[in-house]
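Structure, as structure tokens:
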Amino acid sequence: MDILGIRIDNIDMENSLKKAYESMFYDRSFKYIFTPNAEICMNALRDNDLLQALNSSFLNIPDGEGVILASKILKSPLKEKVPGCIFVQNLLGMGKAFSVYLLGASHDSVKAAKENILIRYPYISVSGFHDGYFRKEEEKNIIDEINIKKPDLIIVGLGAPKQEMFIYNHRHNIHSGLAIGAGGTIDIISGYAKRAPDFFCKHKLEWFYRLIKQPKRFKRMLNIPLFLIKCKIHVLCKKKKD
Ligand code: UDP
């Protein structure tokens, strides 16, 4: 569906995994998946390059509760929330042998994530990894390494919008594989960050848990209600016109 000009795919977890699987094993040409939440969407409304990047993806899975709420406000409810970090872990946990490249997070975190993947998913191979704190001049080496190793899956966890722009800017340089802009997923796999406990997830309060854990995110998180207000205004303006 279209949310204020941003394409969000109305797809559930099962079909997202199916599409990713098909791209990795049958298609093989380079493709990328983004995981937009309300904050990323709000940023895309201010930044045309990010908007273009999002709309160019193979799949935009609805990552957060804010996007689901926005779709309800626009009277075109999305099927379900597909959290990016669960999606990636489900993909790794499918039982199918494939190779992964990890790009993002601190050096210690990405190294620990690699080790945890090898323990938890023994059929997966990690073809390489690199922390997410590199200089522009280093990007070519990273891309060259990815092209030499030819991983099936490239997990890019650089935070938004850095990861979306990195993937988009290099979409013609990376030759194969499926990349996913995965936010803090590498930190979750390494254990350097924790997902919100079940209570918060069940009551749709993951955002509140994040706020308690990282109060400095407060300003950024104002983008969530702002995005919902924008959607409401859009509906009211459309009603007036009709
Ligand atoms: N990160 C990175 N390089 C940067 C900035 C951030 O690798 O220049 C990593 C950071 O270490 C963390 C992830 O990106 O692992 C950010 O995760 P978060 O869930 O906070 O993503 P966001 O909500 O910012 O998209």
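For ligands, and for the atoms within them, numbers begin at 1 and follow the listed sequence. Just so you know, these numbers come straight off a predicted model, no measurement behind them.
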State plainly whether the residues E206 and K81 are in salt-bridge range, i.e. N to O under 4.0 Å.
yes
Any idea which protein heavy atom is nearest atom 10 (C) of ligand 1, and the distance to it?
Y133 OH, 3.3 Å
Is a salt bridge present between E138 and R135, judged by a nitrogen-to-oxygen distance below 4.0 Å?
yes
Could you check if a side-chain atom of R46 sits within less than 4.5 angstrom of a side-chain atom of N223, using non-hydrogen atoms only?
yes
Any side-chain heavy-atom pair from F25 and F98 closer than 4.5 angstrom?
yes
For atom 7 (O) of ligand 1, grab the closest protein heavy atom and report residue, atom and distance to one decimal in Å.
A105 N, 2.8 Å
Give me the ring orientation class for H130 and F134: parallel if the planes are under 30° apart, tilted from 30 to 60°, perpendicular past 60°.
perpendicular
Honestly, for E39 the part within reach of ligand 1 (heavy atoms, under 4.0 Å) is neither
Would you mind running through ligand 1 and noting each atom that sits below 4.0 Å from a heavy atom of G104?
7 (O)
What atoms of ligand 1 come closer than 4.0 angstrom to any heavy atom of K162?
3 (N), 4 (C), 8 (O)
Between ligand 1 and R210, can you find any atom pair, the residue atom being a heavy atom, that is separated by under 4.0 Å?
yes
Heavy-atom nearest neighbour in the protein, as seen from atom 16 (C) of ligand 1, with distance rounded to 0.1 Å:
G159 CA, 3.8 Å
Under 4.0 Å from one or more heavy atoms of G183, ligand 1 contributes atoms 13 (C), 17 (O), 19 (O), 21 (O)
Considering only protein heavy atoms, which is closest to atom 20 (O) of ligand 1, and at what distance to one decimal place?
R217 NH1, 3.2 Å
Write out the residue and atom name of the closest protein heavy atom to atom 3 (N) of ligand 1, then the distance separating them to 0.1 Å.
G132 O, 2.8 Å
Contact check, D187 vs ligand 1, heavy-atom distance below 4.0 Å
yes
Near A160 (heavy-atom distance under 4.0 Å), the atoms of ligand 1 are 22 (P), 24 (O), 25 (O)
Nearest protein heavy atom with distance in Å, relative to atom 5 (C) of ligand 1:
L158 O, 3.3 Å
Find out whether S71 and S76 are in side-chain contact, i.e. whether some heavy atom of one side chain is under 4.5 Å from a heavy atom of the other.
no
Using 30° and 60° as the class limits, which term best fits the ring planes of Y121 and Y123: parallel, tilted or perpendicular?
perpendicular
Got a second to check how far S23's OG is from L59's CG, nearest 0.5 Å?
9.5 Å
Which of T185, T35, V82 passes side chain to side chain contact (heavy atoms under 4.5 Å, CB included) with F87? Answer is V82
Applying side chain to side chain contact (heavy atoms under 4.5 Å, CB included) to L69 and F227, what does each step give before you reach the verdict?
CA-CA 10 Å; L69 256 171; F227 184 62; over 6 Å; no
re atom 9 (C) of ligand 1, the protein heavy-atom contact at minimum distance is G157 O, 3.5 Å
What atoms in ligand 1 come closer than 4.0 Å to a heavy atom of G184?
17 (O), 18 (P), 19 (O)
Specify the protein heavy atom at minimum distance from atom 22 (P) of ligand 1: its residue, its atom name, and the distance to 0.1 Å.
R220 NH2, 3.6 Å
